[in-house]
Protein chains: 2
Amino acid sequence: MLNAVKRDIPEALLAGRTGYQGKYAKDGQSLHKAAPTITQALKPQKSKLADSLKAACEACGAHDGMTFSFHTEYRNGDKVAAMAAKVLIEDLGLKDITVAATSLGDAQANMAQYIKNGQITGVQTSGVRGVIGEAISAGELQTPAIIRSHGGRPRAIAAGEVHIDIAFLAAASSDAFGNASGIRGKNNCGSMGFAIDDAHYADHVIVVTDTLVDFPNVPAAINGVDVDAVCVVDQVGDPSKIATKEARMTQDPRELMMAQAVAKVIAASPDFKDGFSFQTGVGGPSLAVNRYLEQYMTQRQIKMSFALGGTSKAICDLQDKGLVNYILDTQDFDQGAVAHFATHPNHLECSLDQYASPANKGAFVNNLDFVVLSALEVDVDFNVNVVTGSDGVLRGAPGGHPDTAAGSKCCIIVTPLTRGRMPTVCDAVVTVTTPGDSVDVVVTDYGIAVNPQRQDIIAQLDAANIAHTTIEALRDKAYALVGTPAPLEWQKRVVAVVEGRDGSIVDVVRQVKPFAF
Amino acid sequence: MLNAVKRDIPEALLAGRTGYQGKYAKDGQSLHKAAPTITQALKPQKSKLADSLKAACEACGAHDGMTFSFHTEYRNGDKVAAMAAKVLIEDLGLKDITVAATSLGDAQANMAQYIKNGQITGVQTSGVRGVIGEAISAGELQTPAIIRSHGGRPRAIAAGEVHIDIAFLAAASSDAFGNASGIRGKNNCGSMGFAIDDAHYADHVIVVTDTLVDFPNVPAAINGVDVDAVCVVDQVGDPSKIATKEARMTQDPRELMMAQAVAKVIAASPDFKDGFSFQTGVGGPSLAVNRYLEQYMTQRQIKMSFALGGTSKAICDLQDKGLVNYILDTQDFDQGAVAHFATHPNHLECSLDQYASPANKGAFVNNLDFVVLSALEVDVDFNVNVVTGSDGVLRGAPGGHPDTAAGSKCCIIVTPLTRGRMPTVCDAVVTVTTPGDSVDVVVTDYGIAVNPQRQDIIAQLDAANIAHTTIEALRDKAYALVGTPAPLEWQKRVVAVVEGRDGSIVDVVRQVKPFAF
């Protein structure tokens with residue numbers, strides 16, 4: 001059947017769920033939340049320190065068929081997820097393991113081999129990059145990977161669709177009872193917002209740290225009441241690898257021009273007023289928007305009430321200048337943000353549930369005025385792809401993209417019209433990750449298009465003398481520049497399911513053909 | 001059958017549970033946690049403000065047979081619980097209502113009439129004082145009240161034994177989305193540790209505040225993701241009534257002498273060393289212990305790692321002097337503590353679950369070195385009564401008494417040997433609230449007795465030349481002073497069940513006879 005973004009979802013995948021039906025289709029639905037099965041501790045406690053990660057896994061009942069989770073706030077510098085996978089699969093020899101990740105990339109590359117060996121048989125994640133994405137796209141994983149947004153992941157956990165047997169939570173510091181934090185350690189990651197929900201819902205929680213501190217390690221991101229074991233290792237992560245190249249402030253004049261256009265669009269909105277709220281993704285032009293927005297804010301003498309989501313030094317600098325009341329931080333994109341999180345009293349940790357989950361009574365995204373996001377592709381229905389490359393291989397991450405797009409009053413996609421020889425604006429994206437009903441404006445280096453659903457924004461741009469065109473005109477321009485792309489060839493087999501933030505199926509990703517792995 | 005504290009528990013009450021079997025009988029048992037059924041909110045939100053408490057109740061599906069909860073951190077100044085009961089029973093005319101309170105006293109006196117009218121038919125609480133205690137003791141409540149400790153309450157909620165339909169949470173400040181706090185308002189209560197678990201487990205949560213602030217009201221005790229409605233009223237509570245007379249520092253020489261003796265016992269322990277942890281209840285001699293402890297700490301140049309539980313200005317003063325690293329605060333006993341909570345960065349909020357629940361992987365009480373508690377009565381088996389008066393009427397509160405006694409390394413009861421014409425140390429307490437296996441030392445104005453289970457403490461006192469005697473000798477002295485008390489006369493009917501922190505039944509309270517109500 002075709003879902004609301006015109007994707008054909010195989011019937012077999014729809015057992016017990018629906019195709020995507022629109023961004024607010026499940027608003028007001030009731031949900032009985034899941035809960036873990038825990039082991040009560042009544043005796044006076046000496047410590048929860050385990051001699052090794054293996055010993056901790058055994059104490060937590062690691063078994064064949066289990067699901068383990070971890071958070072990836074050390075980003076490319078994470079060491080704990082790979083360590084945990086190695087212990088479960090190599091040291092304990094477990095089979096039929098499912099990974100419930102907040103993301104997968106180079107830092108977890110050892111899992112690609114476990115997938116090929118048939119030891120990891122299930123993958124649930126937000127991002128999939130590098131060799132793991134290639135292995136999945138080549139059909140090496142026994143079951144389709146499930147790709148969720150940062151709000152969809154805590155929803156699935158709260159709904160009991162992902163049951164975590166053991167969560168391995170890397171912490172910059174912990175006391176011997178598992179009160180753990182992303183700061184106060186040798187290797188800080190800042191916010192541990194990605195880890196908080198896992199601690200609440202996993203049956204077993206193992207805190208892994210390289211900095212054991214005196215009890216009580218408070219305020220804590222992870223509370224000892226949720227922790228079974230604490231394991232001390234040499235290094236939990238390499239903070240120098242937290243920042244990717246996308247996290248630098250761009251100097252590219254084309255990117256700066258686009259950023260300036262985005263700021264203009266925002267400044268033309270009646271919601272750009274004192275107390276507005278804002279989020280921007282990482283990535284050149286998105287990040288540069290902060291710089292131009294500052295000029296408008298200073299000019300109009302207005303302040304931002306809160307900045308949301310993944311946090312870069314750019315937004316911290318705005319807070320230090322007194323232009324941002326609160327930063328509600330799910331993860332830190334660079335070491336400047338990590339250091340700022342550790343010291344500024346109004347730069348606060350925010351769990352993914354609070355940030356973006358539809359499985360609660362109103363996440364912060366529901367209160368967001370503007371979000372600026374990047375895209376690998378946008379199509380004429382305003383659907384966005386941030387997960388598959390133009391070759392159809394998994395190499396991206398929805399992150400909070402679908403959540404902030406759906407929750408915010410105005411979602412702006414900023415992207416160059418073409419990348420290399422590929423058009424970014426096209427007839428139909430390879431994979432729909434953010435449905436077009438959540439996307440309001442597309443800003444490119446060749447012009448701005450507004451979703452016709454948003455006649456109010458069209459009127460605002462007209463009133464401000466901001467030129468805009470249609471999405472079809474942008475597509476035509478892109479195709480004129482680089483040619484009409486040839487359709488991708490796929491195998492039949494579904495290798496990944498893109499799940500909507502509400503649990504519906506937005507799209508599927510099939511095995512690529514031909515693909516040299 | 002007789003339970004481990006030799007109380008005869010009627011078989012009918014034991015369906016699905018056990019009598020008390022010892023303080024650690026349920027250590028290591030597994031528990032599948034309960035979870036609420038919530039209504040998902042996906043749309044951009046304007047506000048959750050309700051026009052009235054009645055409208056909020058209707059929106060949250062208030063119905064006959066429901067259970068409502070509230071927290072009592074405004075103590076005698078609380079206005080919200082009485083308000084909520086009035087709306088449910090008088091304005092909405094609901095029947096068969098169960099109250100799930102953290103305490104009941106004069107501020108909730110209107111409920112006594114609802115009990116007598118048969119509108120409130122169930123009571124689950126920690127404390128029961130004033131006319132509500134009298135009504136229950138007179139047999140006016142249709143079902144036995146269930147009395148739980150501060151750790152037993154979150155355990156029962158987590159176990160699904162108490163299912164809260166609507167939690168009414170008084171907050172000093174809230175934004176329109178329910179991010180709520182005990183500070184930053186017109187009328188502050190400080191810590192909202194009593195309310196946090198209700199927000200996580202109740203199907204519906206109504207925040208009631210008198211100070212509506214801009215979004216986001218963070219850091220929040222209650223997160224908006226858990227809140228259905230926000231209701232603004234004239235006044236949530238009167239902070240001047242937070243402090244009771246027990247919260248003043250005593251000048252009574254007899255009380256000071258006992259406090260000094262307690263400090264001596266603590267100072268004789270090898271656990272009294274740098275980094276020790278400590279809790280004291282409110283009440284003259286307990287509170288005065290802080291003063292004497294300070295002298296020993298200064299002398300030995302040691303600091304306390306954390307002070308736990310209900311917090312008075314006395315312990316805040318110690319923190320301000322640099323003698324206490326952290327205060328983990330479940331409720332504030334006076335306005336000095338409220339103000340200190342609002343400003344000191346290491347004076348932190350602590351939920352009752354974190355504080356004392358056996359339904360998690362290790363509460364803070366499991367890490368407590370010393371706790372000093374008061375008592376209405378202690379018997380020769382070291383059982384303590386803090387719930388019923390010498391006339392058998394409900395007029396007390398277990399609070400964290402049984403939890404800290406069981407979790408700590410050393411539990412010291414401090415009490416005068418007699419009160420008026422009643423012996424405090426006796427053959428058998430009227431009601432067992434804290435089992436004797438959790439009580440280590442009894443300090444009175446006529447001498448100190450150590451539980452024979454604790455030969456290590458006896459040896460410590462001997463080594464420090466601290467005189468001590470037997471509990472039987474203290475009883476004999478008490479009886480010699482005021483006479484042997486006549487046994488109480490009871491009706492057959494059980495009016496209240498004293499539930500152990502682990503869910504077992506410790507004792508029952510029967511209807512008093514004769515009783516002029």
Side-chain angles (χ1 to χ4, degrees), chain A residues 23-45 48 155 158 177-178 205 214-216 218-219 223-228 275 277 305-306 325-326 328 345-346 348 353-354 357-368 406-409 501-502, chain B residues 23-45 48 155 158 177-178 205 214-216 218-219 223-228 275 277 305-306 325-326 328 345-346 348 353-354 357-368 406-409 501-502:
Chain A
K23 61 181 171 177
Y24 305 138
K26 308 213 172 174
D27 182 70
Q29 287 195 1
S30 89
L31 173 80
H32 181 67
K33 286 196 183 180
T37 300
I38 59 118
T39 303
Q40 301 188 150
L42 277 78
K43 290 184 181 168
Q45 289 174 316
K48 298 176 184 176
R155 183 211 61 77
F177 300 87
V205 174
D214 284 344
F215 184 91
V218 285
N223 294 316
V225 288
D226 294 320
V227 176
D228 297 87
S277 57
S305 67
F306 68 97
N325 291 341
Y326 293 95
L328 305 173
N346 292 339
L348 297 162
D353 174 66
Q354 287 181 287
S357 175
N360 63 39
K361 298 166 182 174
F364 284 132
V365 295
N366 295 5
N367 242 296
L368 195 56
S408 66
K409 286 197 191 126
R501 62 190 301 253
D502 63 2
Chain B
K23 60 181 171 175
Y24 305 139
K26 307 213 172 175
D27 182 70
Q29 287 198 359
S30 89
L31 172 80
H32 180 68
K33 284 196 183 180
T37 300
I38 60 117
T39 303
Q40 301 189 151
L42 277 78
K43 290 185 181 168
Q45 288 174 316
K48 298 177 184 173
R155 183 211 61 77
F177 300 86
V205 174
D214 285 343
F215 183 91
V218 285
N223 294 315
V225 289
D226 295 319
V227 176
D228 297 87
S277 58
S305 67
F306 68 97
N325 291 340
Y326 292 96
L328 304 174
N346 293 339
L348 297 161
D353 174 66
Q354 287 181 288
S357 175
N360 62 38
K361 297 167 183 175
F364 285 131
V365 294
N366 295 5
N367 242 295
L368 194 57
S408 65
K409 287 198 193 126
R501 62 189 301 252
D502 63 3

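Scope of the values below: all heavy atoms of this structure, side chains included, with no hydrogens, waters or symmetry mates.
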(Q) Please find the pair of heavy atoms, one from A:A34 and one from B:A35, that lie closest to each other, and give the distance. (A) O-CB, 3.6 Å
Sort [X] into side chain, backbone, both or neither according to what part of it lies under 4.5 angstrom from a heavy atom of chain B.
X: A:K48; answer: side chain
X: A:V365; answer: neither
X: A:A158; answer: neither
X: A:I38; answer: both

When only pairs under 4.5 Å are counted, which of [options] shares the most heavy-atom pairs with chain B?
options: A:N223, A:L368, A:V218; value: A:V218
options: A:G407, A:G28, A:S30, A:P216; value: A:P216
options: A:A359, A:S305, A:G224; value: A:A359

Q.
By the side chain to side chain donor-acceptor pair (under 3.5 Å) test, which pairs, at least two apart or in different chains, include something from residues 35-44 of chain B?
A. A:H32-B:T37
Q.
If you count every heavy atom of other residues, nucleotides or ligands that lies below 6.0 Å from A:D214 atom CG, does the total exceed 12?
A.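 12 or below, so no.
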**Q.** Set of side-chain contact (heavy atoms from CB on, under 4.5 Å) partners for B:D353, sequence neighbours left out
**A.** A:V225, B:P154, B:D197, B:S351, B:S357, B:N360
Q) Going from CG on A:L42 to CD on B:Q29, what distance comes out if it is rounded to the nearest 0.5 angstrom? A) 9.0 Å
Q) Is any side-chain heavy atom of A:F215 closer than 4.5 Å to a side-chain heavy atom of B:Y326? A) no
Q: Take A:D228 and B:K361 through the test side chain to side chain contact (heavy atoms under 4.5 Å, CB included) and record every step on the way to the result.
A: CA-CA 6 Å; A:D228 297 87; B:K361 297 167 183 175; 2.7 Å; yes
